[in-house]
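Here the structure comes first, spelled out in structure tokens, and everything after it is commentary.
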Amino acid sequence: QRKGYIIPGEEEAELINTMQGPPINLDKNKLIYPVGLEPKLNGERCLAVLIKEEVIMYSRSKVEWVAARKAFFVNDIKLLLSFLPRNVTLDGEMFGLNLSRQKINSMIKNPEKFTNKNEINKIAFNVFTYADTKTPAETRYINLTKAYEKYIKAGGSPYRIKIVPMLIVK
């Protein structure tokens, strides 16, 4: 586990754009294998990074989440990030089964309105990947699942953070 120090010469993390591939037209584009396939979630996109020991969460359009919005997730995100390479950004979605995107958005924006903890506990940060253009997606996924196992062993909540499964097609 990383202890929160910076190696001399190492730069601080910064806000990045979401990792999105271009639309694929199978009539015009040729896929280069292996290809990673992930399920589509209909939640609220979220990126999370640790900057100067503070978890910064922000939207796809780089709008930072206020403290009340991220309060339910900060400790777990910080724990998961402690098992990953320094300065990476988690890329995922806030999602809950059987919850509409509007309901998820409403609950995240105004968590104080929901006194029923079972309701807010239905939402999890579903992590697709972490940003690292030098590491292939398949390797990032392996690193992420290993970090997640350590996160769970260290007491992280399997209800607060989940790893979105990736199928590698070769």
Side-chain angles (χ1 to χ4, degrees), residues 1-22 36 38 41-96 101 104-114 117 120-166:
Q1 182 175 1
R2 189 174 70 242
K3 298 295 182 193
Y5 59 85
I6 296 175
I7 297 169
E10 184 178 58
E11 293 182 19
E12 280 291 328
E14 59 185 47
L15 302 184
I16 57 120
N17 290 321
T18 57
M19 295 186 73
Q20 295 178 321
E38 298 168 324
L41 301 179
N42 193 21
E44 182 173 331
R45 194 68 177 263
C46 179
L47 292 101
V49 62
L50 192 63
I51 298 178
K52 296 181 181 173
E53 297 308 309
E54 179 187 357
V55 173
I56 306 296
M57 295 170 68
Y58 57 102
S59 70
R60 185 170 157 173
S61 57
K62 293 189 177 179
V63 175
E64 189 175 333
W65 290 28
V66 296
R69 286 186 85 187
K70 64 183 186 179
F72 289 98
F73 304 97
V74 168
N75 292 336
D76 286 279
I77 290 171
K78 193 170 190 176
L79 181 60
L80 179 59
L81 283 169
S82 74
F83 298 112
L84 288 166
R86 188 166 183 81
N87 295 337
V88 299
T89 299
L90 296 174
D91 187 353
E93 268 188 50
M94 293 298 173
F95 178 75
R101 187 170 187 275
I104 293 166
N105 198 7
S106 175
M107 291 170 75
I108 297 288
K109 283 187 176 178
N110 301 301
E112 62 278 352
K113 286 190 344 188
F114 294 89
K117 292 294 181 196
I120 196 73
N121 284 334
K122 290 179 183 177
I123 298 175
F125 182 34
N126 292 262
V127 181
F128 291 110
T129 190
Y130 61 87
D132 177 357
T133 57
K134 296 174 186 161
T135 307
E138 186 174 9
T139 304
R140 286 195 314 267
Y141 182 71
I142 291 167
N143 293 344
L144 191 57
T145 55
K146 286 179 181 177
Y148 188 73
E149 289 171 8
K150 292 176 184 176
Y151 157 83
I152 294 297
K153 285 181 183 172
S157 170
Y159 303 107
R160 192 68 70 221
I161 295 180
K162 298 177 187 291
I163 304 303
V164 176
M166 177 190 288

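Treat the numbers as computed from the prediction; the structure is a model and nothing was measured.
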Distance-minimising heavy-atom pair for [X] and [Y]:
X	Y	value
Lys162	Ala124	CE-CB, 3.9 Å
Leu79	Gly155	CD2-C, 4.4 Å
Asp76	Ser157	OD1-N, 3.1 Å
Ala154	Phe83	CB-CZ, 4.0 Å
Cys46	Met94	SG-CE, 4.1 Å
Val88	Val49	O-CG2, 3.6 Å

Test of understanding: with ring pair (Phe, Tyr, Trp, His ring centres under 6.0 Å), list the residues that count as partners of Phe128, not counting sequence neighbours.
none
With Tyr141, which residues qualify under ring pair (Phe, Tyr, Trp, His ring centres under 6.0 Å), at least two apart?
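Tyr141 satisfies ring pair (Phe, Tyr, Trp, His ring centres under 6.0 Å) with no residue once adjacent residues are dropped.
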Enter the distance from [X]:[atom1] to [Y]:[atom2] here, rounded to the nearest 0.5 Å.
X	Y	atom1	atom2	value
Arg45	Tyr58	CZ	OH	10.5 Å
Glu53	Lys78	CD	NZ	5.0 Å
Glu44	Ser59	CD	OG	7.5 Å
Arg86	Leu81	CZ	CG	10.5 Å
Leu50	Leu84	CG	CG	11.0 Å
Phe72	Ile123	CZ	CD1	9.0 Å

With Arg160 as the cation and Phe125 as the aromatic partner, state whether NZ or CZ is under 6.0 Å from the six-membered ring centre and within 45° of the axis.
no
If we ignore hydrogens and angles and just use 3.5 Å, is the side chain of [X] paired with the main-chain N or O of [Y] as donor and acceptor?
X	Y	value
Tyr148	Ile161	yes
Arg140	Thr129	no
Lys122	Ile104	no

The criterion is side-chain hydrogen bond (donor to acceptor under 3.5 Å, both in side chains); which residues satisfy it with Thr139, sequence neighbours excluded?
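side-chain hydrogen bond (donor to acceptor under 3.5 Å, both in side chains) list for Thr139, sorted by chain: empty.
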Taking side-chain hydrogen bond (donor to acceptor under 3.5 Å, both in side chains) as the test, write out the residues that go with Asn126, two or more places apart.
none
Using the salt bridge (Lys or Arg N to Asp or Glu O under 4.0 Å) criterion, which residues pair with Glu93? Sequence neighbours excluded.
none
Among all residues two or more places apart in sequence or in another chain, which pass the salt bridge (Lys or Arg N to Asp or Glu O under 4.0 Å) test with Glu38?
none
Identified side-chain contact (heavy atoms from CB on, under 4.5 Å) partner of Met57 from the options Leu90, Ile77, Leu47:
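By the side-chain contact (heavy atoms from CB on, under 4.5 Å) criterion, Met57 pairs with just one of Leu90, Ile77, Leu47: Ile77.
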